[in-house]
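Worksheet for the structure shown next.
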2 protein chains.
Amino acid sequence: MKKHGTEEKLLEATLRLISEKGYLGATTREIAQGAGVTELTLFRHFGSKERLFEEVLSRYTFLPKLKKLLPELEELPYDKALRILGIRFLETLKERKPLVKIMLSEVNLYPDKIRFVYNGFIDELIQTLGGYFKSLQKREVIRRFSPEIAARAFLGMIFSYFLSEEIMAGRNIDKKEMEKMIRKFTDIFIRGTLKIGLKKSTIDKLVGRRTKLIRERADV
Amino acid sequence: MKKHGTEEKLLEATLRLISEKGYLGATTREIAQGAGVTELTLFRHFGSKERLFEEVLSRYTFLPKLKKLLPELEELPYDKALRILGIRFLETLKERKPLVKIMLSEVNLYPDKIRFVYNGFIDELIQTLGGYFKSLQKREVIRRFSPEIAARAFLGMIFSYFLSEEIMAGRNIDKKEMEKMIRKFTDIFIRGTLKIGLKKSTIDKLVGRRTKLIRERADV
DNA sequence: TTTTATAGTAAGTAATTACTTACAATAATG
DNA sequence: CATTATTGTAAGTAATTACTTACTATAAAA
């Protein structure tokens with residue numbers, strides 16, 4: 001008479017198996033077996049495979065714990081704040097790896113359901129980080145640029161790294177490597193966003209552009 | 001008596017349907033129908049569904065046209081070179097969108113086959129871009145950092161943007177928006193990598209770090 | 001003790017799947 | 001014209017799928 005435990009086990013097994021074999025590849029029989037119950041029990045609790053899947057999506061969301069990190073960050077130096085945020089982000093991705101896998105492989109089959117989860121996650125993230133950038137711009141620590149685009153850039157570096165290593169290559173990013181990569185990413189990003197008195201001519205010279213010429217559009 | 005046309009049509013239908021519905025979701029009947037032939041014709045040509053899929057993977061690879069772009073880049077100013085490369089990269093992703101989708105959603109089902117395609121693509125890309133960075137480091141345009149990691153960072157920003165917009169949100173990135181985003185990404189990246197005489201104390205002050213204190217490790 | 005909620009056993013449903021077999025139609029090639 | 005390669009039609013295979021029905025077992029709650 002342990003209804004609660006049963007549903008939990010079913011949901012966990014579903015998350016695991018669908019993330020491994022995809023929605024169509026994970027059969028209800030397998031899922032039930034993985035949860036240690038009968039297939040019939042699965043249907044008695046969730047009615048259909050699709051409803052079970054929906055339950056998984058609504059239950060295992062990404063914790064928005066990054067949001068409440070924002071006030072703490074404001075008191076830290078810029079570089080350290082970014083590093084902490086980067087590491088937290090990467091840790092969250094690792095924790096929620098099965099969910100990330102599901103989102104990537106099931107967008108086509110269930111666009112609405114997946115996008116709902118994805119947007120809730122990404123929007124919040126970009127807003128949070130973008131807000132942090134805005135406050136730094138007011139304090140004249142970093143220069144003027146679109147905070148949202150910069151947030152995309154920063155998070156994008158990290159996510160692609162995660163995708164490449166953990167999802168595609170199937171490797172495990174350990175803590176040491178993680179910190180090393182985040183350090184290098186943030187290093188580039190910080191110098192790229194800092195408000196330093198850089199004369200345009202200095203950049204031009206370094207970059208190898210002939211300043212006198214009429215600037216042509218990037219006609220690629 | 002047009003064998004060639006038949007196989008081509010089958011391969012194209014396979015690429016399209018698997019990218020839309022996944023390997024398990026795309027049935028041989030549908031694929032045959034999509035190619036305008038009988039299901040039997042499909043099996044006569046490729047023997048099995050899996051072999052047909054393998055053929056698709058080996059045929060529609062990412063063109064390594066970025067590699068031969070390298071010599072041209074060396075003659076351009078740094079910022080323009082990066083922008084061109086970024087745009088080319090994004091264009092390639094858009095052209096090969098079905099293949100990207102397949103790679104993302106089928107890594108779990110066919111890890112080896114997918115990783116083969118993926119690695120061939122990503123390695124070449126990182127090597128190419130990394131090589132470009134190396135030469136710029138020799139010419140003292142940009143500062144010292146790991147060229148491969150920087151390449152990952154740059155490409156990662158763009159890929160995540162593509163993933164978010166085109167794959168997850170299902171939107172189409174038009175040329176105008178594409179150039180705008182690439183411009184902003186490269187802007188951050190270039191300032192982040194340029195070799196400018198930046199004193200550590202200047203950075204520290206801006207960043208808000210108290211330089212006198214003992215530097216603590218990023219104990220996150 | 002009786003009831004009730006939750007589980008299991010066992011058997012079976014209809015639909016769909018990848019794939020096959022036997023045979024006929026067609027059109028280019030020799 | 002005869003051959004040969006390619007496609008089609010039609011029917012069917014065995015396996016698997018999500019899901020159902022009828023009945024039993026068990027343990028907590030009443």
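Chain identifiers are assigned alphabetically (A, B, ...) following the order of the sequence lines, protein sequences preceding nucleic acid strands; residue numbering begins at 1 within each chain. Heavy-atom basis, side chains included; hydrogens, waters and symmetry copies ignored.
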Report summary line: Closest to the side chain of B:E39, out of C:dA7, C:dA18, D:dT7, is C:dA18

Report task. Could you tell me the separation between the CZ atom of A:F46 and the P atom of D:dC19, rounded to a whole number of Å? Result -> 13 Å

Report task. Is it possible for you to check whether B:K49 lies under 6.0 Å from the centre of the six-membered ring of B:Y23, through NZ or CZ, and within 45° of that ring's axis? Result -> yes

Report summary line: By nearest-heavy-atom nucleotide on DNA chain D, the more 5' of A:Y23 and A:L40 is A:Y23

**Report entry** A:L24 CG - C:dA18 P separation (whole Å)
**Finding:** 11 Å

Query raised in the report: Which nucleotide in the list D:dA18, D:dT7, C:dA18 gets nearest to the side chain of B:R44?
Result: D:dT7

Report summary line: Judged by nearest nucleotide, the residue sitting upstream toward the 5' end of DNA chain C, A:R29 or A:G36, is A:G36

Query raised in the report: What nucleic acid atoms does A:A26 come within less than 4.0 Å of, heavy atoms only: base, sugar-phosphate, or nothing?
Result: sugar-phosphate

Requested in this report: Considering just the side-chain nitrogens and oxygens of B:T41, establish if one lies under 4.0 Å of OP1 or OP2 belonging to D:dT7.
Outcome: no

**Report entry** Nearest-Å distance for atom pair CD1/P, residues A:I31 and D:dC19
**Finding:** 10 Å

Requested in this report: Check every strand shown and say whether B:T38 touches a base, only sugar-phosphate, or nothing at a heavy-atom separation below 4.0 Å.
Outcome: base

**Report entry** A:F43 CZ - C:dT13 P separation (whole Å)
**Finding:** 17 Å

Query - Sugar-phosphate only, base, or nothing, as touched by B:G25 at under 4.0 Å among non-hydrogen atoms - result: nothing

Query raised in the report: Just checking, any donor-acceptor pair under 3.5 angstrom between side chains of B:S164 and A:R152?
Result: yes

Query raised in the report: Between C:dT17 atom P and B:E30 atom CD, what is the distance in whole Å?
Result: 7 Å

Requested in this report: Measure from CG on B:L42 to P on C:dT17 and round the result to the nearest Å.
Outcome: 14 Å

Report task. Can you tell me the distance, in whole Å, between the CG atom of B:L17 and the P atom of C:dT17? Result -> 13 Å

Query raised in the report: Counting just side-chain N and O atoms, does A:T27 come under 4.0 Å of either OP1 or OP2 of D:dT16?
Result: no

Report task. Can you label the angle between the A:F121 ring and the A:F62 ring as parallel, tilted or perpendicular, going by 30° and 60°? Result -> parallel

Query raised in the report: C:dA7 C1' sits how many Å from A:L10 CG, rounded?
Result: 12 Å

Query raised in the report: Would a line drawn from the ring center of A:Y110 to the ring center of A:F53 be shorter than 6.0 Å?
Result: yes

**Report entry** Face-on cation placement of A:K184 at A:F189 ring, 6.0 Å and 45° thresholds
**Finding:** no

Report task. State whether A:H45 places a side-chain N or O below 4.0 Å from either non-bridging phosphate oxygen (OP1 or OP2) of C:dT6. Result -> no

